[in-house]
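Start at 1 with the first residue, then count along the sequence.
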Amino acid sequence: QVQLVESGGGSVQAGGSLRLSCAASGYSSSSLCMGWFRQAPGKEREGVARIFADHISAYYADFVNGRFTISLDNGKNTLYLQMNRLEPEDTAMYYCAAASRLQGLGTWYQRCDFDDWGQGTQVTVSS
């Protein structure tokens with residue numbers, strides 16, 4: 001099992017930037033996908049971005065629109081999400097997750113079966 005601890009959240013004004021970090025312990029190369037999700041009050045959790053074990057293949061939700069970058073530093077066992085040009089609509093609790101297997105059919109990012117989750121870090125963007 002992988003333990004995930006997020007950090008880097010905070011309060012920024014619209015147009016600002018934040019970099020979220022997710023430190024993984026108990027991490028092994030068997031984590032096929034890692035990703036970032038978010039949940040705003042009163043809304044369902046939604047995927048933000050995910051990265052495959054090759055450290056190259058990445059997938060972003062449409063609303064990211066080129067503003068965020070996901071990356072993985074294996075040497076530090078840390079997942080990052082660089083968020084630029086933040087908007088008030090980005091206000092949410094952000095969670096990182098790891099998938100040890102792929103399930104179902106479709107592209108790799110559709111098949112990530114996320115089974116380990118962090119506790120979250122709050123991001124608040126003011127207008």
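Atom OG of Ser17 and atom CE of Met83 lie 9.0 Å apart (nearest 0.5 Å). Taking CG from Leu72 and SG from Cys33, the interatomic distance works out to 11.0 Å, rounded to the nearest 0.5 Å. Atom OH in Tyr60 sits 6.5 Å away from atom CD1 in Ile70 (nearest 0.5 Å). From Arg111, atom CZ reaches atom CD of Gln103 across 9.0 Å, with rounding to the nearest 0.5 Å. Atom-to-atom distance recorded for Gln39:CD and Glu44:CD is 8.0 Å, nearest 0.5 angstrom. Between the SG atom in Cys22 and the OH atom in Tyr94 there is a gap of 15.0 Å [rounded to 0.5 Å].
Residue pairs meeting the salt bridge (charged side-chain N to carboxylate O under 4.0 Å, His left out) criterion with at least one member in residues 113-127, sequence neighbours excluded, are Arg101-Asp113, Arg101-Asp115.
In terms of the ring-ring contact (aromatic ring centres under 6.0 Å, His included) criterion, residue partners of Phe52 (sequence neighbours excluded) are, by chain and number, Trp108. Here Glu46 pairs with Arg38 under the salt bridge (Lys or Arg N to Asp or Glu O under 4.0 Å) rule; sequence neighbours left out. Here Tyr109 pairs with Tyr59 under the ring-ring contact (aromatic ring centres under 6.0 Å, His included) rule; sequence neighbours left out.
Closest heavy-atom contact between Ala40 and Ala92: N-CB, 3.8 Å.
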Let me check something: any side-chain donor-acceptor pairs from residues 4-16 under 3.5 Å, sequence neighbours excluded? List them with distances.
| unit_1 | atom_1 | unit_2 | atom_2 | d |
| --- | --- | --- | --- | --- |
| Glu6 | OE1 | Gln119 | N | 3.0 |
| Glu6 | OE1 | Gly120 | N | 2.8 |
| Glu6 | OE2 | Cys96 | N | 2.9 |
| Glu6 | OE2 | Gly120 | N | 3.2 |

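Linking Ile, Leu, Val, Met, Phe, Trp and Tyr whenever their side-chain heavy atoms come within less than 4.5 Å leaves Ile51 and Tyr80 in two separate clusters.
By the 4.5 Å heavy-atom criterion applied to side chains, Cys112 and Leu102 are counted as neighbours. The shortest distance between side-chain heavy atoms of Leu81 and Thr69 does not fall below 4.5 Å. Phe68 places a side-chain heavy atom less than 4.5 Å from the side chain of Val48.
With no hydrogens or angles considered, no side-chain donor-acceptor pair links Asp73 and Thr78 at under 3.5 Å.
A donor-acceptor contact shorter than 3.5 Å links the side chain of Arg67 to the backbone of Arg85. Judged by distance alone, the side chain of Thr91 and the main-chain N or O of Val125 form a donor-acceptor pair under 3.5 Å.
Through chains of ILVMFWY side-chain contacts below 4.5 Å, Phe114 is grouped with Phe37, Met93, Tyr95, Trp117.
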